[in-house]
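Heads up, the thing below is written out as C-alpha cells.
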Amino acid sequence: MTQSLSVGAIHHIRMTVTDVERSREFYTSVLGFQVAAQMPESIDDPLSAGLAKALMGGVVLQNGPVLFGLRAAGEDHIASADRFDEHRVGLDH
C-alpha cells in the first residue's frame with residue numbers, strides 16, 4: 001500500500017532571473033505581489049549589510065502568506081546547462 005506525503009502550504013520560493021527590475025514589475029503589476037524587502041540604499045550598518053547579503057542583489061515580494069524572492073543571475077550563469085546550479089536562471093529553491 002502506498003502512503004501519500006502530507007505537506008503544508010508553500011512558505012517561500014526564490015527564482016534567479018536575468019532582470020530583477022523587469023521581473024519585479026511583472027509580479028507586482030500583473031500578479032499583485034507587494035514588495036516585502038528590497039536592497040538597502042546603503043550598507044554602512046550591520047543590519048543593512050546582512051539584508052543586502054541575504055537578498056543577493058534582489059527583492060522579496062509577498063502575496064498573502066507566500067514570499068517570492070527574485071535575485072539576479074551572474075553573467076556567467078545565464079546560459080542553460082544540464083546540471084543544477086543555484087546561480088543559473090530558473091528556480092533556486
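Just so we're clear, the structure is a prediction, and the values are computed from it rather than from any experiment.
Looking only at side-chain heavy atoms (C-beta outward), L67 and H11 come within less than 4.5 Å of each other. Using a 4.5 Å cut-off on side-chain heavy atoms (C-beta onward), M15 and R71 make no contact. In this structure, F26 and L31 have side chains that are in contact, with non-hydrogen atoms separated by less than 4.5 Å.
Taking E21 as the reference, nothing meets the side-chain hydrogen bond (donor to acceptor under 3.5 Å, both in side chains) condition, with sequence neighbours excluded. Partners of V20 according to the side-chain contact (heavy atoms from CB on, under 4.5 Å) rule, which considers only residues two or more places apart in sequence or in another chain, are V17, V59, A72. Judged as a side-chain hydrogen bond (donor to acceptor under 3.5 Å, both in side chains), and not counting sequence neighbours, the contacts of E25 are S29.
Under the 3.5 Å distance criterion, the side-chain polar atoms of D19 are matched with a main-chain donor or acceptor of R22. Although no hydrogens or angles enter the test, the distance criterion places no donor-acceptor pair under 3.5 Å between the side chain of Q34 and the main chain of A36.
Here CD of Q38 is found 9.5 Å from CG of L61. Values are rounded to the nearest 0.5 Å. The structure places CZ of R14 at 10.0 Å from CG of L70, a figure rounded to the nearest 0.5 Å.
Using bins of under 30°, 30° to 60° and over 60° for the plane-to-plane angle, the ring pair F33/Y27 lands in the perpendicular bin.
Counting non-hydrogen atoms of other residues, nucleotides and ligands closer than 6.0 Å to CD1 of I10 gives a total of 12 or fewer.
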For this session: For the pair V35 and R24, evaluate side-chain contact (heavy atoms from CB on, under 4.5 Å) and give the outcome as yes or no after the intermediate values.
Result: CA-CA 9 Å; V35 175; R24 172 186 176 153; 3.4 Å; yes

